[in-house]
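First the structure, in the form of structure tokens, and then the observations on it.
Every value quoted in this text rests on a predicted model; they were computed, and no experiment measured them.
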Amino acid sequence: TSNDLFKIDDWIEAPQFGADGAVIDIALHTIKIQNWDKTITTIPTHKLIDSSFKNWRGMSDSGGRRIKRSINIDINSIKFCNELMIQKYQKFNLLHDYINQKISEIQDHNKEQDTADDQNIINGRSLTNIGTFRAYIQAYLRDNSNIHKDMTFLVRQLSPGPNGVPIEIYVFSNDTDWINYESIQSDIFDHLLAAAKEFDL
């Protein structure tokens with residue numbers, strides 16, 4: 001109590017005791033935790049305090065719950081965007097301004113480097129389908145009312161591995177309820193996994 005380590009209804013995770021659930025009783029000698037499968041774990045108070053455990057109260061109090069998941073992209077599907085692809089992406093409402101801005105930047109850069117008229121696309125800057133998809137993910141999440149805009153917002157590319165190139169989404173939902181959170185997370189990835197095909201990924 002003096003250290004405010006946990007209180008009734010806190011979500012406590014202590015794998016060494018097989019406990020993962022809400023604190024339902026705090027007594028002098030024992031702590032009772034109702035696990036998410038509705039079983040009850042009873043832990044000697046001194047053992048729980050003497051060992052490490054995770055209290056999820058901070059997540060609940062913050063008003064945001066972390067979404068951290070990756071989409072693996074087949075490296076063989078990554079390519080430079082041709083004119084037809086760019087025209088297609090410009091029709092996506094969330095990408096229209098981004099495409100116009102990037103095209104302007106690329107054209108200015110290629111003129112400075114004297115590669116504007118070079119037919120070899122690799123000699124100048126160009127849009128790629130994976131970079132454009134990453135920009136789409138950012139725009140989609142910023143437009144999503146279920147994403148907490150004041151907490152960490154990150155969409156990044158991780159190192160390639162045996163399963164492809166991971167695009168990691170690291171954001172927070174603004175609903176900490178477990179069921180609602182899972183629904184929000186699933187809806188986001190349902191859309192993004194389907195959208196990847198629109199970028200030839």
Side-chain angles (χ1 to χ4, degrees), residues 4 6-7 9-13 15 20-23 35-37 53-75 77-79 81 85-106 126-161 163-201:
D4 195 26
F6 47 80
K7 58 186 180 182
D9 293 331
D10 276 3
W11 172 7
I12 297 293
E13 188 176 347
D20 184 11
V23 177
N35 301 306
W36 302 123
D37 61 3
F53 61 89
K54 183 185 291 186
N55 188 335
W56 289 83
R57 189 200 312 167
M59 178 271 294
S60 301
D61 291 349
S62 72
R65 187 163 182 171
R66 187 182 71 174
I67 297 173
K68 182 185 179 186
R69 187 180 290 182
S70 297
I71 298 174
N72 291 319
I73 304 297
D74 182 352
I75 197 168
S77 68
I78 299 173
K79 56 189 173 184
C81 296
M85 294 168 70
I86 292 173
Q87 290 175 7
K88 176 183 177 181
Y89 301 154
Q90 281 179 318
K91 295 178 182 177
F92 298 167
N93 291 337
L94 293 174
L95 279 181
H96 181 76
D97 293 341
Y98 168 81
I99 294 292
N100 289 340
Q101 178 187 345
K102 294 301 288 187
I103 290 297
S104 177
E105 288 179 10
I106 289 170
S126 302
L127 285 172
T128 62
N129 60 344
I130 190 172
T132 307
F133 181 52
R134 186 160 43 84
Y136 176 80
I137 294 173
Q138 290 174 334
Y140 174 76
L141 293 173
R142 291 195 186 282
D143 193 54
N144 192 315
S145 61
N146 294 310
I147 297 301
H148 205 304
K149 306 302 188 296
D150 297 326
M151 302 183 81
T152 303
F153 185 103
L154 181 64
V155 179
R156 61 177 179 169
Q157 184 182 129
L158 302 179
S159 300
N163 295 319
V165 180
I167 301 294
E168 185 184 68
I169 293 167
Y170 192 111
V171 295
F172 287 77
S173 71
N174 55 20
D175 193 329
T176 61
D177 179 83
W178 189 8
I179 295 174
N180 295 339
Y181 160 80
E182 292 293 350
S183 179
I184 290 168
Q185 183 173 234
S186 297
D187 286 346
I188 288 171
F189 281 89
D190 286 348
H191 178 84
L192 294 179
L193 289 170
K197 296 177 183 177
E198 297 296 321
F199 294 84
D200 296 333
L201 293 167

Shortest non-hydrogen contact between [X] and [Y], atoms and distance:
{"X": "His96", "Y": "Gln90", "value": "ND1-O, 3.1 Å"}
{"X": "Ile106", "Y": "Ser126", "value": "CD1-C, 3.8 Å"}
{"X": "Cys81", "Y": "Ile86", "value": "CB-CG1, 3.9 Å"}
{"X": "Ala195", "Y": "Phe133", "value": "C-CE1, 4.2 Å"}
{"X": "Thr128", "Y": "Gly131", "value": "OG1-N, 3.1 Å"}
{"X": "Pro160", "Y": "Pro166", "value": "CA-CD, 4.3 Å"}

Assess whether atom [atom1] of [X] is packed by more than 12 heavy atoms of other residues, nucleotides or ligands within 6.0 Å.
{"X": "Asn93", "atom1": "CG", "value": "no"}
{"X": "Leu193", "atom1": "CG", "value": "yes"}
{"X": "Ile75", "atom1": "CD1", "value": "no"}

With a 4.5 Å limit on heavy-atom distance, are the side chains of [X] and [Y] in contact?
{"X": "Val171", "Y": "Phe153", "result": "yes"}
{"X": "Val155", "Y": "Tyr140", "result": "no"}
{"X": "Arg156", "Y": "Leu158", "result": "yes"}
{"X": "Ile103", "Y": "Leu127", "result": "yes"}
{"X": "Lys88", "Y": "Glu198", "result": "yes"}
{"X": "Ile167", "Y": "Leu192", "result": "no"}

Return yes if some donor-acceptor pair links the side-chain N/O of [X] with the main-chain N/O of [Y] below 3.5 Å, else return no.
{"X": "Asn129", "Y": "Lys79", "value": "yes"}
{"X": "Asp20", "Y": "Glu13", "value": "no"}
{"X": "Asn144", "Y": "Asn146", "value": "yes"}
{"X": "Tyr181", "Y": "Arg66", "value": "yes"}
{"X": "Asn55", "Y": "Arg57", "value": "yes"}

Roughly how far apart are [X] [atom1] and [Y] [atom2], rounded to 0.5 Å?
{"X": "Asp143", "Y": "Tyr136", "atom1": "CG", "atom2": "OH", "value": "9.0 Å"}
{"X": "Gln185", "Y": "Ile169", "atom1": "CD", "atom2": "CD1", "value": "9.5 Å"}
{"X": "Ser183", "Y": "Asp177", "atom1": "OG", "atom2": "CG", "value": "10.0 Å"}
{"X": "Ile147", "Y": "Asp175", "atom1": "CD1", "atom2": "CG", "value": "11.0 Å"}
{"X": "Ile78", "Y": "Leu201", "atom1": "CD1", "atom2": "CG", "value": "7.0 Å"}
{"X": "Lys91", "Y": "Ile99", "atom1": "NZ", "atom2": "CD1", "value": "13.0 Å"}

*Hey, what's the ring geometry for Phe92 with Tyr89, parallel, tilted or perpendicular (30° and 60° as the breaks)?*
tilted
May I have the step-by-step check of side chain to side chain donor-acceptor pair (under 3.5 Å) for His191 and Asp187, ending in yes or no? CA-CA 6 Å; His191 178 84; Asp187 286 346; over 6 Å; no
